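Okay, so here's the structure we're looking at.
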Amino acid sequence: MLRQALVKLVIYRKPGLHMDRYGNPSFPPVEQWEQEEWQVYGVAPQIPETDFTQGREPVALTINVYAPLGGVRPYPGDMVKLPNDNNGLFRCVGDVNTYDSNPHFSQATHTGVMVRLERHRR
């Protein structure tokens, strides 16, 4: 049975580098970046890396996102918005892990990508 991508996230594509009049890199606000919908299998917080807000609710600092092989995926520097998270954005860290082959079998039965995201602190 094939898995279905049921969760919809939004990828904000990092624009090209622009220099301000003083020669410093500048980017427009994240809300003005190009947006793209991303269908994923699921989102899993990494529990050991949590921080507490004032109300003592745990906040995930790092999460893993599992998605299908085909389709869009974020690149390092892109921002990702979770569907029900009003606390901010997550930044794509490092390269996307691609699982498309299995050295022990001739055909890989469980393929996909895993993306590590870290909470963006402004």
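Just so you know, these numbers come straight off a predicted model, no measurement behind them.
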Considering all heavy atoms, the nearest [X]-[Y] contact:
X: R91; Y: G77; value: NH1-O, 3.4 Å
X: R116; Y: T62; value: NE-CG2, 3.2 Å
X: Y66; Y: A44; value: CE1-CB, 3.9 Å
X: W33; Y: P28; value: NE1-O, 3.0 Å
X: R13; Y: P74; value: NH1-CA, 3.6 Å

Checklist entry - Under the criterion side chain to side chain contact (heavy atoms under 4.5 Å, CB included), which of V115, V10, V7, D78 is the partner of W38? => result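 Answer to the side chain to side chain contact (heavy atoms under 4.5 Å, CB included) test with W38 among V115, V10, V7, D78: V115.
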Checklist entry - Name the one of V65, L117, V80 that satisfies side chain to side chain contact (heavy atoms under 4.5 Å, CB included) with V43? => result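 One option only clears the test, and that one is V65.
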Next on the checklist: Nearest 0.5 Å, please: how far is CD in E34 from OH in Y12?
Outcome noted: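 Y12 atom OH to E34 atom CD measures 12.5 Å (nearest 0.5 Å).
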Next on the checklist: So, taking the atom named CD in Q39 and the one named CG in L9, what distance separates them when rounded to the nearest 0.5 Å?
Outcome noted: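 Here the interatomic distance stands at 9.0 Å.
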Checklist entry - Same cluster for V93 and M79 if Ile/Leu/Val/Met/Phe/Trp/Tyr side chains link at under 4.5 Å? => result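 No: no chain of side-chain contacts under 4.5 Å links V93 to M79.
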Checklist entry - In terms of hydrophobic clustering (I, L, V, M, F, W, Y; side-chain heavy atoms under 4.5 Å; direct or indirect links), are Y75 and V113 co-clustered? => result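 Different clusters: Y75 never reaches V113 through Ile, Leu, Val, Met, Phe, Trp or Tyr contacts under 4.5 Å.
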Checklist entry - Do R73 and T98 touch side chain to side chain, with heavy atoms closer than 4.5 Å? => result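 When only atoms from C-beta onward are counted, T98 and R73 do touch, with a gap below 4.5 Å.
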Next on the checklist: Tell me whether D20 at atom CG has more than 12 heavy atoms from other residues, nucleotides or ligands lying less than 6.0 Å away.
Outcome noted: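 Count over threshold, so yes.
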